[in-house]
Amino acid sequence: MPPKELQKKWKAPKGPKPVQRKNKNTIGLGRALRNARQQENAIEYLPDGEMRYTTEKHEADWVKLRSVTQESALDEFLSTAELADKDFAADRHANVKIIRLDAGVDSGSQPVTLTNAQRETLDAKQRAHAKELIVPRRPKWNENTSKYELDRLEKESFLEWRRKLATLQESNDDLLLTPFERNIEVWRQLWRVVERSDLVVQIVDARDPLLFRSVDLEHYVKETDDRKQNLLLVNKADLLTRKQRITWAKYFISKNISFTFYSALKANQLLDLENELGEEEFLKQYSANDFYNEIKEGEEDMDGEELDELLREKIKILTIDQLEDLFLANAPNEPLITPLPGKESIIQIGLVGYPNVGKSSTINSLVGAKKVSVSSTPGKTKHFQTIKLSDSVMLCDCPGLVFPNFAYNKGELVCNGVLPIDQLRDYMSPSTLVAERIPKYYLEAVYGIHIQTKSVEEGGTGSNHPTGQELLVAYARARGYMTQGFGSADQPRASRYILKDYINGKLLYVNPPPHIEDDTPFTQEECEEFNRELYTFEKLPETRRDQLREAALNKGIETLDLARDLGKLTFSAHTGATEGKEAKSVTHGGKQAALFNAASDLDREFFEMNNIKGNFVTPFHKASNTNSKKHDKKNKKAKKKAAMYSDF
Ligand SMILES: Nc1nc2c(ncn2[C@@H]2O[C@H](COP(=O)(O)OP(=O)(O)OP(=O)(O)O)[C@@H](O)[C@H]2O)c(=O)[nH]1
């Protein structure tokens, strides 16, 4: 018998062998990506015969233009290496430690509260080093300079600049530098704006113009071409009182600084109103001058001081048309740049400034005033914007950038909007500054809270300003901001709201200029006097004023003086003081908040014990409770009382 054939397992029949075909499709995402990468990373032959090849990912222009003001030590090391054109190979086993000498804004050695003497010493030191606060210069170039050469020269010059500033910081521990811009691409924009502008306008915040002003930028403009002009636009001037404008104007005039006051916010409000009402009706109802300058005829010499003609002109907040005229009056008569063939020559005005000083608002007001719709036409270089205002004027808007300057402490930088609030870790130093600058009664009136301060015996400062913590705790408790868990006052959250109010001017403080005679700073007391007019009833938000008016009427107070009477009023979460009892705040939420309330009430009662008869009960001593019945509720209270009194 033939051997039995093993039955084969059935397999699915194989199809025809697949033929590898070339994908003839020349379009498609994958291919596009590959091609783009190949092009980007193609080998470059430099003019000096060298070959350059990079595998680096090329980034879009907007990514390159991101502002860099705070770098980690490693980032800083790498960007310096890149600027210096150095190559580094990573070595797995080497233990590398980066020691950062330029501590930048991370140094925390600056005290928050400065005495007059400390401030004066620090200020003198800052003045001595003021010349070292430089902006990077673009190296000289002409049409024969090649792109690569210029790029290399720019990087060298930038690196040199960064080294100088690092040395300045290193050798002066107690001086704090602003977190100046560290991205060369952003400075390149500024260089281009300066080169093409006939007039460079530095926009600064009126609350602290000198912190936002770069003196060296003005020098740089003059170095580029002596015919170019500088102008300081003091924006947000609506936040200053007339007296404050006079003081600042006197300072600027004495220092020969070309300046003007402006309020982009008011200008834009006025424009909106005009659009709403129509031009004719608007002119009938509002005279622009009234809207801008709250001073009426006859009130001018109210302070008993004769203002000369120049000063009287200079303290005015300009209207949009006046500002445009001033630009033209300050710019050279003829544009300095010869136009390209076929193009008309036009006066170019460069606008530069820190972020958040109101640059966009200023441009919007200028552009919005034109009845024609003006689209922003990107310039040749794509990044900074050129906006044609009229046939004779062109605006160049430079990205906002932080110049190197001195500050007293980090809190000041946060309060001025230079350091962002949302990434804030140390919320206490800026909050302390707010508590120090704004009087306690005004903080209470704005927020409708009562801020409980410690007396000197309890370890408080004894001044009439709360500490930062006292302010934050009172605010958080009144608003019910509690942390999870044990439920203590959420101070970081409270600080964010308070600091935002400070930055947008709801809580207002204006820095005075240095003394004209000797450039020394104002003392603490002079600063308080300089700002006194800002903390009146009229400056409060309207709803709060209504509340206070009503509360004052309830108490029979006719003329309300915030500093004197606020403690007596009951409004919002502020409960006024009544005979013998001090003012307190209505607080919300959290176990700890409840404990805090109970504790302070108990304390108050305990220290007032002199006025009451003593009540003393001991838990183990029941004198004459003879009734053995367990639930003898009837008359229990009366019996207890009787028992208690029988002890005495
Ligand atoms: N009170 C007051 N606030 C102003 C004025 N101008 C601008 N602001 C406010 O300041 C803030 C910043 O204004 P922006 O115009 O965005 O400032 P910017 O300089 O363009 O800021 P970036 O876009 O970050 O560069 C906004 O909240 C404005 O409402 C002004 O004249 N008065």
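Order of listing sets the numbers, starting from 1, for every ligand and every atom in it.
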Note: Arg188-Asp151 ion pair, threshold 4.0 Å (strictly below) | yes
Is the closest heavy atom of Asn235 to ligand 1 under 4.0 Å?
-> yes
If we ignore angles and hydrogens, is there a donor and acceptor under 3.5 Å between the side chains of Tyr447 and Asp501?
-> yes
Say whether Leu239, considering both its backbone and side-chain N or O atoms, lies within less than 3.5 Å of an N or O atom on ligand 1.
-> no
Kindly say whether Ser157 contributes a backbone atom to a donor-acceptor pair with the side chain of Arg137 at under 3.5 angstrom?
-> no
Among the heavy atoms of Gly358, does any lie under 4.0 Å from an atom of ligand 1?
-> yes
Any heavy atom of Thr362 under 4.0 Å from ligand 1? The part involved is neither
Check the pair Arg479, Tyr497 against side chain to side chain donor-acceptor pair (under 3.5 Å), reporting the backbone distance first and the verdict last.
-> CA-CA 11 Å; Arg479 301 278 183 277; Tyr497 285 101; over 6 Å; no
Any ion pair linking Asp308 and Lys314 (charged N to carboxylate O, less than 4.0 Å)?
-> no
Ligand 1 to Asp238 polar contact by distance, N or O atoms, under 3.5 Å = yes
Atoms of ligand 1 less than 4.0 Å from Lys359 heavy atoms?
-> 15 (O), 17 (O), 18 (P), 19 (O), 20 (O)
Closest non-hydrogen protein atom to atom 23 (O) of ligand 1, residue and atom name please, with distance?
-> Ser360 OG, 3.4 Å
Can we say Glu218 and Arg213 salt-bridge, meaning some charged N sits less than 4.0 Å from an Asp/Glu carboxylate O?
-> yes
May I ask you to identify the nearest protein heavy atom to atom 10 (O) of ligand 1, giving residue, atom name and distance to one decimal place in Å?
-> Lys236 NZ, 3.2 Å
Any ion pair linking Glu309 and Arg312 (charged N to carboxylate O, less than 4.0 Å)?
-> no
Can an N or O of Leu265 be found at a distance shorter than 3.5 Å from an N or O of ligand 1?
-> yes
Nitrogen or oxygen of Ala237 less than 3.5 angstrom from that of ligand 1 = no
Return yes when at least one protein heavy atom is under 4.0 Å from atom 5 (C) of ligand 1, and no when none is.
-> yes
Of Lys228, Gln348, Arg138, which is the lone residue that meets side chain to side chain donor-acceptor pair (under 3.5 Å) with Glu195?
-> Arg138
Atoms of ligand 1, numbered as shown, that sit under 4.0 Å from any heavy atom of Ser263 | 31 (O)
Note the single closest protein heavy atom to atom 22 (P) of ligand 1, along with its residue, its atom name and the distance in Å.
-> Asn356 N, 3.7 Å
May I ask you to identify the nearest protein heavy atom to atom 28 (C) of ligand 1, giving residue, atom name and distance to one decimal place in Å?
-> Ser361 OG, 4.2 Å
So, Ser365 and Tyr262: side-chain donor and acceptor under 3.5 Å apart, yes or no?
-> yes
